[in-house]
Amino acid sequence: MKRILLTTVSLGVLALGSPALGADLPMYSKAPATPPVYDWSGFYVGVFGGGGWGNHNVNDANGPNTGFANYTANYSSQGGLGGGEAGYNFRVGSGIVVGIEATGFWSDIKGSDAAAQTQGQFLPITSVDADNLRWGGTLRARGGITVDRLMLFFTGGWAFADIQHTNSDPVVGVDQFTVHANGLVAGGGLGYALTNNLIGKVEYSYYNFGSYNRAAVGTTGLTTNGQLPYTTNTQYSILTVGLDYKFGGGPVLAKY
């Protein structure tokens, strides 16, 4: 009888102590789900349009026009352009994207030094030089930093274009030719994934096509329309907006 009583008391003490022991144990719960982030990787195609401004320095044997200039004559150009692009992005880490992109465009960026020549700014030169950027393209590497659907990107690579140059002399006549220019392009911009497939962007690009020469013909020492041989240096600044379509449905990735 005494043994039964001791057993009953022991069981009661254990029962009373169980809640206290349970309160001392750590509580575990499932970690909250992390919101998914946009996956920028994949193939895309798109269109873009905008405007551009060119700077053109002409140099010949006359040398700089003034002591402070680095050109014999200078003029600017401006106009619109539009084109298309295709590329592929690779996700290489959390928030880092690299890729490659090819573009092609048609342009109406043109200008001349006609107004300056009318004012006699570039004497003794009296002929008018004009440039017309007709079409071109690029092949670029891309790198970007992403925050979910927003990407800050930078680009750089090779650029090519057809530039029509015209030199008009009031006495001798017109010399017109096309330059197949090659150079470098660099720029950057912002992209935003409007949907899982559609990406809008704004982008700035700087083109440097170096210089092209108009040489003398025959034994005259002059160009075809009687000018001193000259060299033209050409650069462009282009600002565009675009819309890309990314294939693959724009899957999202869990963020860890």
Side-chain angles (χ1 to χ4, degrees), residues 28-54 79-109 133-162 180-209 235-256:
Y28 293 97
S29 62
K30 187 176 181 181
T34 303
V37 296
Y38 186 74
D39 181 14
W40 286 86
S41 61
F43 177 72
Y44 63 90
V45 297
V47 294
F48 60 86
W53 302 263
L81 83 164
E85 62 198 10
Y88 195 94
N89 287 324
F90 302 87
R91 185 174 181 266
V92 296
S94 178
I96 303 296
V97 173
V98 298
I100 188 169
E101 181 179 274
T103 70
F105 62 84
W106 293 265
S107 165
D108 190 37
I109 300 175
L133 176 62
R134 306 184 70 181
W135 64 271
T138 69
L139 181 62
R140 317 189 203 190
R142 285 165 48 97
I145 301 171
T146 66
V147 180
D148 195 10
R149 291 180 175 268
L150 180 67
M151 178 166 66
L152 171 66
F153 63 88
F154 304 92
T155 69
W158 171 59
F160 60 93
D162 266 13
H180 306 297
N182 288 274
L184 299 175
V185 59
L190 287 172
Y192 187 81
L194 304 171
T195 70
N196 283 344
N197 298 103
L198 292 178
I199 300 171
K201 69 175 184 177
V202 58
E203 182 172 6
Y204 168 80
S205 297
Y206 172 77
Y207 293 76
N208 190 331
F209 289 113
Q235 300 87 35
Y236 293 95
S237 290
I238 308 292
L239 185 63
T240 59
V241 294
L243 186 65
D244 293 334
Y245 182 89
K246 185 170 81 73
F247 292 90
V252 293
L253 300 176
K255 183 178 181 182
Y256 298 104

Euclidean distance, [Y] [atom2] relative to [X] [atom1], rounded to 0.5 Å:
| X | Y | atom1 | atom2 | answer |
| --- | --- | --- | --- | --- |
| Gln235 | Phe209 | CD | CZ | 10.0 Å |
| Glu203 | Glu85 | CD | CD | 7.0 Å |
| Leu152 | Thr146 | CG | OG1 | 10.5 Å |
| Leu184 | Tyr206 | CG | OH | 9.5 Å |
| Arg91 | Asp39 | CZ | CG | 6.5 Å |

Side-chain contact test, heavy atoms from C-beta onward, threshold under 4.5 Å: evaluate it for [X] versus [Y] and give yes or no.
| X | Y | value |
| --- | --- | --- |
| Ile100 | Leu139 | yes |
| Val202 | Tyr204 | no |
| Asp162 | His180 | yes |
| Thr240 | Phe105 | no |
| Ile109 | Ile238 | yes |
| Val45 | Phe247 | yes |
| Ser41 | Phe90 | no |

Which atom pair, heavy atoms only, marks the closest approach of [X] to [Y]?
| X | Y | answer |
| --- | --- | --- |
| Gly183 | Trp158 | O-CD1, 3.5 Å |
| Thr155 | Arg142 | CG2-CG, 3.5 Å |
| Tyr38 | Asp148 | N-OD1, 2.9 Å |
| Phe160 | Thr138 | CE2-N, 3.9 Å |
| Ala161 | Leu133 | CB-CD1, 3.6 Å |
| Val47 | Asp244 | N-OD1, 4.3 Å |

Does the side chain to side chain contact (heavy atoms under 4.5 Å, CB included) test come out yes or no for Trp40 and Lys246, once each step is laid out? CA-CA 9 Å; Trp40 286 86; Lys246 185 170 81 73; 5.7 Å; no
Check step by step if side chain to side chain contact (heavy atoms under 4.5 Å, CB included) holds for Tyr245 and Leu198. CA-CA 5 Å; Tyr245 182 89; Leu198 292 178; 3.9 Å; yes
If only side-chain N and O atoms count, and only distance matters, is there a donor-acceptor pair under 3.5 Å linking Arg140 with Ser205? yes
